Structure formats: structure tokens, C-alpha cells
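This chain uses plain numbering: 1 for the first residue, then up along the sequence. Predicted, not measured: the structure shown is a model, and the values here were computed from it.
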Amino acid sequence: MFPLLALIASLMSAQASPVSVEKLSTPEKALRFEVVVPASVDEVWDAIGTKAGMETWIWREARVDLKPGGEWTVVYTPTATGGGTIVSLVPKQQIVMRAMAPEQFPTVRKERTVATWGFESLGARSTKVTLVQTGWKTGPEWDAAYEYLSKGNAQLLTQLRQRFVTGPIDWSKLKQD
């Protein structure tokens, strides 16, 4: 488990999750997450689309090259990374990427799923963030990754929201694993 997940679990245990999670089977197998973040679209876009922004909520080391073919990667440890390769984007509206699963799912990680991030302004200080993950195949490893990411991605979106509720995370206060 990523060190981040332990932190997020502690944040979530104090309150009900602000993230809605849907496991869909039609028209195709998908995971759909939605959260309302108390920040403008500009602020949320910056938090997701820049290295400095990502490092305020997802983890202490990130790589972002926000363009088709660019990298969107979180480096938890030298051997544990998350994220993917950007396929397309519409600034402040959508990012589509070929997403890597965690290392314990090597086939899913190699073949990847498609993660589509959507951003919708609900007002000056409110943005709905939607994440839809598609491209799931059949088999035990794919099913296990689907279940794992149904929780892990909800935790990540909880952490994104929490970044705007309580401020940027000071990673120097957390023990490095």
C-alpha cells in the first residue's frame, strides 16, 4: 500500500466520504467517481495539471508534462509510481490519460486503462471533479485491480478535496517509507 493511502484513510475515518463511487457494468465496465472541491476551476486545474500543484495534495514528488503524450506521474518510491500518459486535454475541462495500475497488478499496469478527468465549475469557489476509468478487461488480476482502484481513486479524490479544505499537505511532516 502506498504511504499516501494510510494518510487518506485517517482523513476519511473522521467523516463520511465526500466522494461518490459508482461501479458500472453498462454500457461498459467502468469506475465513476465524483467530488465537489471547494475551489475554483482554475485552482483545481493548477492542483491537477502542474508539478507544484500535484505536490500539494497527492505526494511529495510528481512529474507533469501537460500535453498529449506527456507524463502525469506520482513517484511514491523509486519502484512505486502512479499516474499515466496524457492522451488528450481541454484546458480546465478535461484530461484523458492511459492510466497505470499499481505494481501489484503487472498485466493491468502494462496494458493500462483509460482515466478521464472532468472539471465543471459550480461557482466561484466550487468545482465538480469527475473521474471515469474505463478499458477494463476480464480475469482475476483485472477484477482485483478494479476493486483496489474503486477504493484507491476515491481516496485520491478525497485527498484532492481535503487539500482545499485544510490547505496544502506538508510532506516534510510525514515519515518517508
Do [X] and [Y] have side chains that get closer than 4.5 Å, going by heavy atoms?
{"X": "V129", "Y": "V44", "value": "yes"}
{"X": "V132", "Y": "L31", "value": "no"}
{"X": "V108", "Y": "K110", "value": "no"}
{"X": "E141", "Y": "F105", "value": "yes"}
{"X": "S20", "Y": "V35", "value": "no"}
{"X": "M100", "Y": "R109", "value": "yes"}
{"X": "W45", "Y": "T50", "value": "no"}
{"X": "D42", "Y": "K92", "value": "yes"}

Is it the case that the side chains of [Y] and [X] hold a donor-acceptor pair, with the cut-off being a distance below 3.5 Å and no angle test?
{"X": "S40", "Y": "E43", "answer": "yes"}
{"X": "T56", "Y": "R163", "answer": "yes"}
{"X": "T113", "Y": "Q133", "answer": "yes"}
{"X": "R112", "Y": "T85", "answer": "yes"}

**Study point:** Sub-6.0 Å ring centroid separation between W72 and W117
**Key:** yes

Keeping [X] on the side-chain end and [Y] on the backbone end, is there a donor-acceptor pair under 3.5 Å?
{"X": "T77", "Y": "T79", "result": "yes"}
{"X": "R98", "Y": "E111", "result": "yes"}
{"X": "R125", "Y": "A39", "result": "no"}
{"X": "Q159", "Y": "W57", "result": "yes"}
{"X": "Y146", "Y": "A30", "result": "yes"}
{"X": "E103", "Y": "T81", "result": "yes"}

Between [X] and [Y], is there a shared hydrophobic cluster once you connect ILVMFWY residues whose side-chain heavy atoms come closer than 4.5 Å?
{"X": "Y148", "Y": "V74", "result": "yes"}
{"X": "V21", "Y": "L156", "result": "yes"}
{"X": "L131", "Y": "V96", "result": "no"}
{"X": "V37", "Y": "V41", "result": "no"}
{"X": "F164", "Y": "W171", "result": "yes"}

Nearest-0.5 Å distance that lies between atom [atom1] in [X] and atom [atom2] in [Y]:
{"X": "S126", "Y": "E120", "atom1": "OG", "atom2": "CD", "answer": "9.5 Å"}
{"X": "L122", "Y": "T127", "atom1": "CG", "atom2": "OG1", "answer": "6.5 Å"}
{"X": "Q94", "Y": "S88", "atom1": "CD", "atom2": "OG", "answer": "5.5 Å"}
{"X": "D143", "Y": "T138", "atom1": "CG", "atom2": "OG1", "answer": "7.5 Å"}
{"X": "E71", "Y": "T73", "atom1": "CD", "atom2": "OG1", "answer": "3.5 Å"}
{"X": "E61", "Y": "M54", "atom1": "CD", "atom2": "CE", "answer": "10.5 Å"}

Practice item. Decide yes or no on side chain to side chain contact (heavy atoms under 4.5 Å, CB included) for E147 and K23, but give the supporting numbers first. Key: CA-CA 9 Å; E147 289 304 317; K23 294 178 178 180; 2.6 Å; yes

Practice item. Can you label the angle between the W136 ring and the W142 ring as parallel, tilted or perpendicular, going by 30° and 60°? Key: perpendicular

Taking all non-hydrogen atoms of both residues, which atom of [X] and which atom of [Y] are closest, and how far apart?
{"X": "R161", "Y": "P38", "value": "CG-CD, 3.9 Å"}
{"X": "F33", "Y": "S150", "value": "CE2-O, 3.4 Å"}
{"X": "V64", "Y": "G49", "value": "CG1-O, 3.2 Å"}

Review point. When you look at V114 and V87, which way does the side chain to side chain contact (heavy atoms under 4.5 Å, CB included) test go after all the steps?
Key: CA-CA 9 Å; V114 176; V87 174; 6.0 Å; no

Review point. How far apart are the C-alpha atoms of D65 and R63, what are their side-chain angles, what is the distance that settles it, and do they pass the salt bridge (charged side-chain N to carboxylate O under 4.0 Å, His left out) test?
Key: CA-CA 7 Å; D65 185 13; R63 298 179 191 135; over 6 Å; no

